[in-house]
Amino acid sequence: MSEKIYYPNPDFAKDARINSMDQYHALMEEAKSDYEGFWKRYADEKINWYAPYSKVLDESDAPFYKWFTEGKLNVSNQCIDRHLKTRGDQTAILFEGDRGDVEHITYNNLSQRVNRLANLLKEKFGIKKGDRVVLYMPMIPEAAYAMLACARIGAIHSIVFGGFSAEALKDRIVDAEAKLVITADGAYRKGKPYLLKPVVDEALKEGVESVEAVLVVQRNQEEIHWEAGRDHNYNELIGNYSDECEAEMMDSEDPLFLLYTSGSTGKPKGVQHSTAGYILWAQMTMEWVFDLREGDVYWCTADIGWITGHTYIVYGPLAAGTTTVMFEGVVTYPDAGRAWQMVQDHKITQFYTAPTAIRLLHKMGEDEPKKYDLSRIRVLGTVGEPIDPPAWKWYYEVVGNGKASIVDTWWQTETGGHMISPLPGATPIKPGCATFPLPGIMAEVIEQDGTPTPVGEKGFLCITKPWPSMIRTIWGDPERFKKSYFGDCKKEGKPVYFSGDGAMIDEDGYITITGRTDDVINVSGHRIGTAEIESAIKKIDKIAVSAVVGKPHDIKGEGIFAYIVLKDPDHAGEEMIAEINSVLKKEIGAIALCDEVVFVPDVPKTRSGKIMRRILRSIAKGEAITQDTSTLEDPTIVPTIEGIVKG
Ligand code: PRX
């Protein structure tokens with residue numbers, strides 16, 4: 001890791017919202033000395049309350065914390081209506097399609113479109129407060145309208161990433177007991193149309209009882225199947241509905257959305273977020289971390305199917321009243337200059353992406369950014385996985401021209417918004433390091449009993465006080481919620497939130513994330529549980545045992561490495577690998593495809609039958625085995641597997 005410290009550009013820093021470490025420390029002190037007072041100050045300043053809350057933080061049913069109890073608000077009002085007087089004609093969403101088509105959707109337009117859709121959902125489908133609506137959508141503005149329309153009428157949306165398979169979609173629809181699915185015929189990717197609707201048809205084929213209707217947006221006008229009585233055409237219907245729709249009065253703690261994420265068991269977890277706490281922190285972090293100013297044009301390249309798309313394409317930017325760019329395509333198509341062309345053309349001031357994309361753009365065009373005018377960029381963000389120093393340096397020097405601040409934001413689906421991140425006008429940066437907790441966030445690196453982990457050693461990354469945008473529960477499984485997040489670490493005898501990540505703190509208090517401590521792999525910034533992959537592979541009858549681990553990958557950060565024990569070793573070979581990948585594609589989606597598959601006679605197990613993944617991880621990485629193997633059921637398996645992997 002480079003020892004050089006990078007200071008914020010003084011020209012930008014002087015006008016930044018938080019422009020010195022003194023200011024940062026003062027805010028942190030304020031939060032530490034009067035935690036509820038700190039959050040009250042921002043809740044009162046930022047949120048458009050219909051009715052006041054009675055209590056800032058209710059800890060009586062910990063860890064089911066409640067924030068701003070009895071307060072009434074509506075997230076679509078917070079993101080749209082309250083801006084109409086002052087910025088009705090400002091672009092809210094700047095959409096660029098895969099083929100270069102551009103649309104500016106003003107706050108006024110957004111209001112009309114969201115209200116129409118909200119009325120359609122209510123009147124045509126009888127969707128009411130608390131109903132679940134699954135969105136299986138491409139990156140088109142209608143996806144944002146659908147999120148906000150749900151929020152407007154109090155329906156709980158659950159977005160399923162468009163790359164997930166029919167099986168994965170079905171599991172999520174069934175778990176949430178969704179009444180309606182909103183999808184599109186398809187969209188465009190790399191210059192060609194692709195289809196989404198057939199995946200929905202497949203998901204709904206059997207065993208889904210809750211879904212009454214499917215609303216289909218026509219994006220690419222491709223030929224699709226229309227199921228009579230079930231499927232409805234958005235484009236034909238939407239004009240029939242009024243563009244005025246009163247927003248439902250929502251309670252602070254009413255769920256805003258569910259978003260499924262991988263855990264350490266096979267079944268994905270429906271992370272449930274709240275209304276008030278979530279939107280408050282989405283807006284605050286948007287303003288602080290991206291140092292948002294009037295006239296900014298902000299672009300986050302994530303997909304709305306992930307938490308980054310929820311908080312930092314739709315809810316955060318719109319609550320903060322900025323212009324948010326939504327992009328249908330991929331940043332490397334038609335060439336390595338696409339992203340930089342867009343930054344230049346749309347006069348983008350903040351650019352937020354994943355290290356995977358940075359590595360890919362770097363590899364494809366070292367000097368490509370220099371061909372474009374990127375001078376308006378003040379803040380460059382990264383998210384989802386650790387950023388390695390070479391990628392960081394290129395991002396800083398070539399994309400940011402040594403002037404923009406890089407914010408390496410650490411957070412999770414469960415945290416709702418950023419937790420640890422530099423503040424672009426204040427924090428001196430050590431590359432590859434997420435730096436410090438944001439004001440109000442009590443992130444600590446501790447041992448399981450709550451004692452601080454010594455400097456330079458790996459500990460558990462915990463958030464030791466509840467925060468407004470935290471996960472409220474796992475949909476339908478409160479026990480799993482408690483066990484998953486509050487079962488491992490305690491501080492002063494009280495269970496605290498454990499993120500599942502390890503981290504290290506240095507002598508200056510900087511926090512570096514060292515990665516997951518559980519069996520979750522991070523492929524291109526996307527979380528995939530090894531158990532989820534293994535339970536899909538198990539469906540192949542010819543396989544006796546599978547064990548999946550992460551292996552460092554040049555572009556993706558981590559790749560999927562599978563050890564397969566066959567019932568009959570003669571089945572080993574390319575055909576078997578193809579079958580494994582085809583099952584993974586069917587059960588989960590293309591993101592779960594294996595990068596490497598090796599056939600082994602057995603896997604290392606303890607005498608009680610537990611697979612020793614640490615050994616398998618070391619072998620995959622080509623590291624020397626330092627673990628004690630004498631307690632294994634069969635210690636000789638280790639050199640055997642090493643021999644196979646080395647080929
Ligand atoms: O391991 C951490 C990694 O991504 C995980 C969260 O994944 P997910 O819920 O899908 O959300 C991704 C987008 C917020 C974390 O537990 N992670 C996230 N940000 C960083 C990171 N690892 C290192 N550095 C980061 N900045």
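Just so you know, these numbers come straight off a predicted model, no measurement behind them. We count ligands from 1, going down the list as the structure has it; atoms in each ligand are counted the same way.
Under 3.5 Å, the side chains of E253 and S274 contain no donor-acceptor pair of N or O atoms. For the residue pair T311/Y278, the side-chain donor-acceptor check at 3.5 Å is satisfied.
Ring orientation note: the planes of Y485 and Y497 are close to parallel, at an angle under 30° on the 30°/60° scale.
Contacts classified as ring pair (Phe, Tyr, Trp, His ring centres under 6.0 Å) and involving residues 413-455 (residues at least two apart or in different chains) are given here: F290-H418, Y312-H418, Y352-H418, W411-H418, F436-Y510.
Closest of all the heavy-atom pairs between V407 and S421 is CB-OG, 3.8 Å.
Taking the six-membered ring for Trp and the full ring otherwise, the centers of Y136 and F164 sit at least 6.0 Å from each other.
Enumerated by chain and number, the residues approaching ligand 1 to less than 4.0 Å through a heavy atom are I307, T308, V383, G384, E385, P386, D408, T409, W410, W411, Q412, T413, D501, I513, R516, N522, R527.
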